[in-house]
Amino acid sequence: MSNRKITIIHPSRSRPQKAFERRNEWLSNAVTDIEYIISIDHDDPFLGVYVALFQDDIIEINDNRSLVDATNNGAAKATGD
């Protein structure tokens, strides 16, 4: 089995603590390298909390219009499978 990295793209809005808990679940159960991308809106009222919690991950901040926008903007930064 090859040592491949997978990317998790996690769009989120206004729920930084819940998002961080899900991130920790994924990373603690991972059996391969994980690239974690949190994709959030530039006008999220909890933007600062996201930045503090996800400082070890890729934080993608955009003017998203929808969940699809947030996912696609995160995917543009992905380097894993």
Side-chain angles (χ1 to χ4, degrees):
M1 182 169 143
S2 66
N3 188 15
R4 295 166 49 178
K5 174 175 63 174
I6 64 167
T7 300
I8 295 174
I9 303 161
H10 185 166
S12 184
R13 181 169 177 91
S14 297
R15 294 172 42 153
Q17 191 60 45
K18 283 258 188 215
F20 194 65
E21 289 168 8
R22 295 300 76 79
R23 171 216 181 261
N24 291 341
E25 279 182 33
W26 272 99
L27 296 183
S28 68
N29 291 313
V31 295
T32 189
D33 291 334
I34 302 286
E35 172 185 57
Y36 203 92
I37 300 174
I38 186 81
S39 184
I40 53 179
D41 302 333
H42 79 281
D43 63 347
D44 191 303
F46 296 97
L47 181 61
V49 179
Y50 279 103
V51 170
L53 288 174
F54 290 88
Q55 60 187 334
D56 294 330
D57 303 299
I58 298 170
I59 303 171
E60 184 62 20
I61 303 169
N62 285 289
D63 184 18
N64 301 308
R65 296 168 294 168
S66 66
L67 173 71
V68 174
D69 274 356
T71 303
N72 287 340
N73 285 322
K77 300 293 183 183
T79 63
D81 291 335

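Numbers here are sequence positions counted from 1. Excluded from the calculations below are hydrogen atoms, water molecules and symmetry mates; all remaining heavy atoms, backbone and side chain alike, are included.
Heavy-atom minimum distance, P11 versus L67: CG-CD1, 3.3 Å. Residues S14 and D44 share a closest heavy-atom pair of N-OD2, 2.7 Å. Pairing each heavy atom of L47 with each of H42, the nearest pair is CD2-O, 3.8 Å. Looking at every heavy atom in both residues, N73 comes nearest to S39 through CB-OG, 4.5 Å. Taking all atoms of both residues into account, the shortest heavy-atom contact from A19 to S12 is CB-OG, 3.7 Å.
Crowding of R15 atom CZ: a count of heavy atoms from other residues, nucleotides or ligands under 6.0 Å not exceeding 12.
E35 and T7 are linked by a side-chain donor-acceptor pair at a separation below 3.5 angstrom, with hydrogens and angles left out of the test.
Two different hydrophobic clusters hold I37 and I34 under the rule that ILVMFWY side chains link at heavy-atom gaps under 4.5 Å. Placement of L53 and I8 within a single hydrophobic cluster is found when ILVMFWY residues are connected by side-chain heavy-atom separations under 4.5 Å, directly or transitively.
For the atom pair L27 CG and D57 CG, the distance stands at 6.5 Å (nearest 0.5 Å). Here the straight-line distance linking atom CD1 of I38 with atom CZ of R23 works out to 9.5 Å at 0.5 Å rounding. A distance of 8.5 Å separates CZ in R22 from NE2 in H10, rounded to the nearest 0.5 Å. Atom CD1 of I61 is separated from atom CD1 of I40 by 4.5 Å, given to the nearest 0.5 angstrom.
Side-chain atoms of I6 and T32, non-hydrogen and from C-beta on, do get closer than 4.5 Å to each other. With a 4.5 Å cut-off on side-chain heavy atoms, K77 and I9 do not count as touching.
Relative ring orientation between F54 and Y36 is described as parallel, the plane-to-plane angle staying below 30° on a 0-90° scale split at 30° and 60°.
The main-chain N or O of Q17 is never found under 3.5 Å from a side-chain atom of Y50 such that the two would form a donor-acceptor pair.
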Next item on the list: Any chance you could lay out the side chain to side chain contact (heavy atoms under 4.5 Å, CB included) test for R13 and D43, step after step, and finish with the verdict?
Entry: CA-CA 9 Å; R13 181 169 177 91; D43 63 347; 3.0 Å; yes
